[in-house]
Amino acid sequence: MLLDGVVAFDPGAESGGATDLALQRLMEVGAVSATMDDADHLDLDAEPLLGGTLVLLSFLVRQLSLYAEVDPLEVVAEARRFIDGESTIGLE
């Protein structure tokens, strides 16, 4: 489902599109669950989603490092620079 969300992502699209449908599926399969108790406290469990995300990210970092012939730590460092807005490599 995470990969479906990536494929469906359109930064110019209005909300409610294909990305929302792909991410809604995460709730349907139990990757994320939310419950509210009698005192109106919300309990959100995203552990299955986080576990799957780590597996997927590990695979992708390894593939990128092999493709670019760099250490996986350099791929992670570049991803952090991208998140911080400091990357010289953009998504075009």
Item to check | Point-to-point distance, once rounded to the nearest 0.5 Å, from CD of E78 to CG of L73 | outcome: 13.5 Å

Next on the checklist: Can you list everything that forms a side-chain contact (heavy atoms from CB on, under 4.5 Å) with P72? Sequence neighbours excluded, please.
Outcome noted: V61, R62, S65

Checklist entry - For the hydrophobic clusters of this structure (ILVMFWY residues joined by side-chain heavy atoms under 4.5 Å, transitively), does one cluster hold both V29 and V32? => result yes

Checklist entry - Taking D84 for the side chain and E86 for the main chain, is one N or O donor matched with an acceptor at less than 3.5 Å? => result no

Checklist entry - In Å, rounded to the nearest 0.5 Å, how long is the span from CG of D37 to CG of L42? => result 9.0 Å

Item to check | Distance in Å, L56 CG paired with L54 CG, rounded so as to fall on 0.5 Å steps | outcome: 9.5 Å

Next on the checklist: I'd like to know whether CZ of R81 has more than 12 heavy-atom contacts from other residues, nucleotides or ligands below 6.0 angstrom.
Outcome noted: yes

Item to check | Shared hydrophobic cluster for M27 and M36 (ILVMFWY, side-chain gaps under 4.5 Å) | outcome: no

Next on the checklist: Could you work out, with side-chain contact (heavy atoms from CB on, under 4.5 Å) as the rule, every residue matching T53, not counting sequence neighbours?
Outcome noted: L2, L49, L57

Checklist entry - Are L64 and V76 grouped together when hydrophobic residues (ILVMFWY) are joined by side-chain heavy atoms under 4.5 angstrom apart? => result yes

